[in-house]
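The structure appears below as structure tokens.
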Amino acid sequence: MKIDVLLGLQWGDEGKGKIVDVLTPKYEIIARFQGGPNAGHTLEFNNIKHVLHTIPSGIFHDEKINIIGNGVVIDPVILMNEIIEAEKVGANLKNNLYISRKAQLIMPSHRMLDQAYEENKADNKIGSTLKGIGPAYTDKTARIAIRIGDVFFDDFIDKYNSTKAHHNKIFKGYGFKGNNDDYEQKWFRAIEFLKEFKYIDSEKFINDALKTKHSILAEGAQGTLLDIDFGSYPFVTSSNTTSSGVCTGLGVSPHKIGQVFGICKAYCTRVGGGPFPTELHDNDGQTLRDNGNEYGSTTGRPRRCGWLDMVALKYAIMLNGVNKLIITKVDVLSGFETIKVAIGYKINGKIINHFPYEMTDDIEPVYEELPGWKTDITNCKKMEDLPVELRNYIKYLEVQTGVKVKYLSVGPDRIQTIKIK
Ligand code: GDP
Ligand code: IMO
Ligand code: MG
């Protein structure tokens, strides 16, 4: 048995939460492998919308095991609140949520460090979600982090205080005078709350599950272009969002990776700073934002919007070994006379068709234009119901990428999903 993977191919918010929820009936276990509460994964069913940050998106299905893997960074306050919200709508977290002992904790001082680092940047701010993600992963690499399994040992407070003292020295250097005493109190209360849940060595649990033929879907957070190694550095997050992150974030070998579902929107969005070659600053950009309700699930910030970037998409497919594509938010394109797709970048008068070393602001996209469609597709249930222009657009994407499109999403609800045979 192999572990399937679903991950984002753009700058995040591709609709991972919705599609993981749609695919969950096919699997017994859903496992998050990286990221933390910088993620906001939205699910909609029965006219209710749920936003998850740390909990895998399979949680609203009974009897499915949801694992927070070792590669995830956990803010106990945010996780506690998520658990309480999910329990209100009937999810059984006590039974179905398993947390890796090796998942790392985001400390209150990590959130403050995030703020201090961002404030200290002049005009190249990353636009971090300020959830403490970067500083938490930094401490993991620096080998001074605390893991959630540590909370069950007597020296937990000593470890906490030692890392906090290190952070205080950094604050002094920055002259940063923030205060997080309130958050610290909530944080320790949340730690007590979380002790009641199930803790596992997720690498052993997952490998045993594969050996005994249980089906697993690994859920990514963020997107490939935010990957710490391969994204538009330094405007990235601090984890490997690509399929390699599954091996380190869950403890499975590369041999055990099965299908790789790559998910992308039919256009592009980005929140925060950094280059975005196909970004639109005109009415078309605003139409995409309005029709797609492009406001951040975690921070509420308006998302920057633009046309699909085929150069970046091909790069993302290569990095992840994507063998099944999922295209979301296709309904948002309804109404456009024509739809543009960037197939090259013009830099200093030269056209390239690969993702460059440095993604600068002066990249000019080279577009191909395809006919749009005017009909409302949000109630379509199968390919044959869709306008011919959209079916041609999907064919075009398959030819360009060399990968079959397996699912189309035509609205935010679970049921607004078309499976392509
Ligand atoms: P994630 O981070 O990848 O899980 O994506 P987000 O939840 O942050 O953002 C995706 C947004 O688009 C959410 O508000 C979803 O409810 C919504 N959404 C997902 N798929 C579709 C779709 O096919 N059409 C429309 N109109 N909205 C969608
Ligand atoms: P999901 O899983 C979109 C962006 C932030 C910022 C950069 C670094 O919902 O797709 P960080 O908080 O990690 O220091 O922020 O990455 N970012 C996301 N953008 N979706 C996300 O997650 C994101 N998580 C982080 O906006 O530009
Ligand atoms: Mg999101």
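Just follow the structure's listing: the first ligand is 1, and inside any ligand the first atom is 1. Scope of the values below: all heavy atoms of this structure, side chains included, with no hydrogens, waters or symmetry mates. All residue numbers in this chain count up from 1 along the given sequence.
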Non-hydrogen atom of Gly40 closer than 4.0 Å to ligand 1 | yes
Short list, please: which atoms of ligand 2 are under 4.0 Å from a heavy atom of Trp11?
-> 3 (C), 19 (N)
Mark the output for Gly40 as yes if a heavy-atom distance to ligand 2 is under 4.0 Å, and as no if none is.
-> yes
Among the heavy atoms of Gln10, does any lie under 4.0 Å from an atom of ligand 1?
-> no
Please could you name the atoms of ligand 2 that Ile126 approaches to less than 4.0 Å, counting only its heavy atoms?
-> 6 (C), 7 (C), 8 (C), 27 (O)
N-O pairing of Lys382 and Asp385 below 4.0 Å | yes
Check whether any heavy atom of Gln222 sits under 4.0 Å from an atom of ligand 2.
-> yes
The option among Ala221, Gly411, Gly296 carrying the non-hydrogen atom nearest to atom 21 (C) of ligand 1 is Gly411
Numbering as shown, the atoms of ligand 2 that approach Gly127 to under 4.0 Å (heavy-atom distance) = 5 (C), 6 (C), 26 (O), 27 (O)
Near Lys16 (heavy-atom distance under 4.0 Å), the atoms of ligand 2 are 1 (P), 2 (O), 10 (O)
Which option, Glu14, Lys329, Lys18, owns the non-hydrogen atom nearest atom 17 (C) of ligand 1?
-> Lys329
Does Val410 come within less than 4.0 Å of ligand 1, judged by its heavy atoms?
-> yes
Is the Mg ion (ligand 3) less than 2.8 Å from at least one N/O/S atom of Gly40?
-> yes
Is it possible for you to check whether Arg414 lies under 6.0 Å from the centre of the six-membered ring of Phe45, through NZ or CZ, and within 45° of that ring's axis?
-> yes
For Gly8 and ligand 2, answer yes if some heavy atom of the residue is under 4.0 Å from a ligand atom, otherwise no.
-> no
Arg270, Arg289, Arg304 screened by salt bridge (charged side-chain N to carboxylate O under 4.0 Å, His left out) with Glu279, the one that passes = Arg304
So side chain to side chain donor-acceptor pair (under 3.5 Å) across residues 58-70, not counting sequence neighbours, yields Asp21-His61
Proximal atoms of ligand 2 relative to Ala39 (non-hydrogen, under 4.0 Å) | 1 (P), 2 (O), 9 (O), 22 (O)
Where does Leu226 meet ligand 2, judged by heavy-atom distances below 4.0 Å: at the side chain, the backbone, both, or neither?
-> side chain
Is it the side chain, the backbone, both or neither of Arg270 that has a heavy atom closer than 4.0 Å to ligand 2?
-> neither
Answer with side chain, backbone, both or neither: which part of Arg301 has a heavy atom less than 4.0 angstrom from an atom of ligand 2?
-> side chain
Quick one: report the N, O or S atom of Asp13 that is nearest to the Mg ion (ligand 3).
-> OD1
What is the closest protein heavy atom to atom 16 (O) of ligand 1, and at what distance does it sit?
-> Pro412 CB, 3.5 Å
Against heavy atoms of Ser409, which atoms of ligand 1 measure under 4.0 Å?
-> 20 (N), 21 (C), 22 (C), 23 (O)
